[in-house]
Trainee: 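Please find one structure pasted underneath; my questions will follow.
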Amino acid sequence: MRLFAALANIELDIVPVDYINGEHKSDAMLALNPWGEIPVLTDGDITLRDAQAILIYLARKHDLESWLPADAQGMAEVQQWLSVASNEIQHGPNAARLVDKFGYALDKATTLNTSERILTLLEQRLSAHDWLALERPTIADCAVMPYVALAPEGGVSLSDYPAVNRWIARIKELPGFEPMPGVE
């Protein structure tokens, strides 16, 4: 969400949440998101709890069709990568990071196997294309890249994935990119 907002020049009021100490499970946060997860976006009377839903909302609200096209094929191509972010990326590189960095009791071997599988698929895609969907940056890249770039924090090496590393570098070179902890 922050990556897309920076690249699309969307101003957000970021409120830090102390994830390590469980603030995302506090009564105040549960009132916003009963699932007890972050991120959460509040925009007037609208509250959204899912990172991919937030990306779609921001792209549509700000009429940024270059980031999320309105045509059926383009939207579907982006959506399939948003699904990858919610599934394979979430259960692979992100879950491995949760184990190593935050002490989550997850099956580390499973996270590493999932990571290898999705990184191999990403490498294949990015060996033939500069971007995940539509031959240009979209919210799909914004959904997937941060978790992939942070994969080494979960013991997932990116050294065997040169096309993935070039893709991360391309995103970092986009106008408006702002570094974040772990992704400089």
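Since the model is a prediction, treat every value here as computed from it, not as a measurement. Below, all heavy atoms of this structure are taken into account, side chains as well, without hydrogens, waters or symmetry copies.
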Trainee: Report yes if some heavy atom in the side chain of Phe177 is under 4.5 Å from a heavy atom in the side chain of Pro179; otherwise report no.
Mentor: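 Yes. Closest side-chain heavy atoms under 4.5 Å.
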Trainee: Would Tyr147 end up clustered with Phe102 when hydrophobic side chains under 4.5 Å apart are linked, directly or stepwise?
Mentor: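 Looking at the clustering, Phe102 is in a separate group from Tyr147.
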Trainee: Please check if the side chain of Asp71 supplies one atom and the backbone of Gly74 the other of a donor-acceptor pair under 3.5 Å.
Mentor: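 Side chain of Asp71 to backbone of Gly74, a donor-acceptor pair under 3.5 Å: yes, one is there.
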Trainee: Should the heavy atoms of other residues, nucleotides or ligands under 6.0 Å from CZ of Arg2 be counted, would the total exceed 12?
Mentor: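 Atom CZ in Arg2 is not crowded, with 12 or fewer foreign heavy atoms closer than 6.0 Å.
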Trainee: Drop me the distance from Tyr104's OH to Thr111's OG1, to the nearest 0.5 angstrom.
Mentor: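 Reported value, rounded in 0.5 Å steps: 14.0 Å.
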Trainee: Nearest 0.5 Å, please: how far is CD1 in Ile118 from CG in Asn113?
Mentor: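 That separation rounds to 13.5 Å.
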Trainee: Taking side chain as C-beta onward, heavy atoms only, is Asp100 less than 4.5 Å from Lys108?
Mentor: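 Sidechains of Lys108 and Asp100: in contact.
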Trainee: Are more than 12 heavy atoms from other residues, nucleotides or ligands located less than 6.0 Å from atom CD of Glu23?
Mentor: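 Atom CD in Glu23 is crowded, with more than 12 foreign heavy atoms closer than 6.0 Å.
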Trainee: Less than 4.5 Å apart, side chain to side chain, heavy atoms only: is that true for Val84 and Leu121?
Mentor: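 Answer no - side chains too far apart.
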Trainee: Does atom CD of Glu77 have more than 12 heavy-atom neighbours from other groups under 6.0 Å away?
Mentor: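 Result for CD/Glu77: enclosed.
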Trainee: Do you know which two heavy atoms are closest between Phe4 and Ala59, and how far apart they sit?
Mentor: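 Looking at all heavy atoms of both residues, the closest pair is CE2-N, 3.8 Å.
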Trainee: Please find the pair of heavy atoms, one from Ala151 and one from Pro93, that lie closest to each other, and give the distance.
Mentor: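 Nearest pair, atom of Ala151 first, then Pro93: CB-CB, 3.9 Å.
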Trainee: Would Ile10 and Leu64 count as a side-chain contact (heavy atoms from CB on, under 4.5 Å) here? Give the steps.
Mentor: CA-CA 11 Å; Ile10 298 171; Leu64 297 169; 3.9 Å; yes
Trainee: Quick one: CD on Glu153 to CG on Leu98, what's the gap to the nearest 0.5 Å?
Mentor: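 So the CD of Glu153 and the CG of Leu98 are separated by 10.5 Å.
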Trainee: Are Leu48 and Leu12 co-members of a hydrophobic cluster defined by side-chain heavy atoms under 4.5 Å apart?
Mentor: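 Same cluster.
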Trainee: Could you tell me if the side chain of Thr138 sits less than 4.5 Å from the side chain of Leu68, heavy atoms only?
Mentor: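 Result no, sub-4.5 Å side-chain heavy-atom pair not found.
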Trainee: Might you point out which heavy atoms bring Ile168 and Ala149 nearest each other, and give the distance in Å?
Mentor: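 Smallest heavy-atom distance, with atoms named: CD1-CA, 3.9 Å.
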Trainee: Without swapping roles, check the side chain of Arg170 against the backbone of Trp131 for a donor-acceptor pair under 3.5 Å.
Mentor: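 Not a single qualifying donor-acceptor pair exists.
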Trainee: Would you check if the side chain of Lys172 reaches a backbone N or O of Glu184 as a donor-acceptor pair within less than 3.5 Å?
Mentor: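 Checked: pair present.
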Trainee: Give me the atom names and distance for the closest heavy-atom approach of Met75 to Pro69.
Mentor: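 So the two residues come closest at CE-O, 3.4 Å.
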Trainee: Any donor-acceptor pair under 3.5 Å linking the side chain of Glu123 with the backbone of Val164?
Mentor: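 Judged by distance alone, yes, a pair lies under 3.5 Å.
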Trainee: Report the distance from atom CG of Leu150 to atom CZ of Arg97, rounding to the nearest 0.5 Å.
Mentor: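 Here the rounded value is 4.5 Å.
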Trainee: Mind checking the OG1-CD1 spacing from Thr42 to Ile54? Nearest 0.5 Å is all I need.
Mentor: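 Thr42 atom OG1 to Ile54 atom CD1 measures 8.5 Å (nearest 0.5 Å).
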Trainee: Can you find a heavy atom in the side chain of Ile56 that is under 4.5 Å from one in the side chain of Gln79?
Mentor: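 The answer is yes; the side chains approach within 4.5 Å.
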Trainee: Please round to the nearest 0.5 Å and tell me the distance separating atom OG of Ser66 and atom CD1 of Ile139.
Mentor: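 The distance works out to 10.5 Å.
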Trainee: Side-chain heavy atoms nearer than 4.5 Å, only ILVMFWY residues, links allowed to pass through others: does that put Tyr57 and Val78 together?
Mentor: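 Yes.
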Trainee: Does Arg117 pair with Glu88 as a salt bridge, N-O distance under 4.0 Å?
Mentor: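 Yes, this pair counts.
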Trainee: Tell me whether Leu32 shares a hydrophobic cluster with Ile14, the cluster being built from Ile, Leu, Val, Met, Phe, Trp, Tyr side chains joined at under 4.5 Å.
Mentor: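 No, Leu32 does not connect to Ile14 through the hydrophobic network.
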Trainee: Mind listing the closest non-hydrogen atom pair of Ala143 and Leu82 along with its distance?
Mentor: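 In terms of heavy atoms, the two residues are closest at CB-CD2, 3.6 Å.
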Trainee: Under 3.5 Å, is there a donor on one side chain and an acceptor on the other for Thr120 and Gln124?
Mentor: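 Gln124 and Thr120 do not have a side-chain donor-acceptor pair below 3.5 Å.
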Trainee: Using modelled atom types and a 3.5 Å cut-off, is there a donor and acceptor pairing between side-chain atoms of Trp167 and backbone atoms of Leu126?
Mentor: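 No, Trp167 side chain to Leu126 backbone: no donor-acceptor pair under 3.5 Å.
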Trainee: Quick one: do Glu37 and His24 satisfy side chain to side chain donor-acceptor pair (under 3.5 Å)? Show the steps, please.
Mentor: CA-CA 6 Å; Glu37 299 171 348; His24 60 295; over 6 Å; no
Trainee: For Arg166, is there an ion pair with Asp130 - N to carboxylate O distance below 4.0 angstrom?
Mentor: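 No.
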Trainee: Output yes when a side-chain donor or acceptor of Asn165 lies under 3.5 Å from a complementary backbone atom of Leu158, and no otherwise.
Mentor: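 Yes, Asn165 side chain to Leu158 backbone: donor-acceptor pair under 3.5 Å.
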Trainee: So, does Asp141 use its side chain to make a donor-acceptor pair with the main chain of Leu132 at under 3.5 Å?
Mentor: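 Indeed, once roles are kept as given, a pair shorter than 3.5 Å links the two residues.
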Trainee: Can Asp50 and Trp35 be counted as having a side-chain donor-acceptor contact under 3.5 angstrom?
Mentor: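 On atom types as modelled, these side chains do not qualify, holding no pair under 3.5 Å.
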Trainee: Do the non-hydrogen side-chain atoms of Tyr161 and Val148 ever get within less than 4.5 Å of each other?
Mentor: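 Side chain of Tyr161 against side chain of Val148, heavy atoms only: no contact under 4.5 Å found.
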Trainee: Closest approach of Leu112 and Gly155, non-hydrogen atoms and distance?
Mentor: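 Shortest heavy-atom contact: CD2-O, 4.2 Å.
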Trainee: Can you find a heavy atom in the side chain of Val183 that is under 4.5 Å from one in the side chain of Leu3?
Mentor: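 Result no, sub-4.5 Å side-chain heavy-atom pair not found.
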Trainee: With a 4.5 Å cut-off on side-chain heavy-atom distances among I, L, V, M, F, W and Y, is there a chain of contacts connecting Ile171 to Met1?
Mentor: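 Yes.
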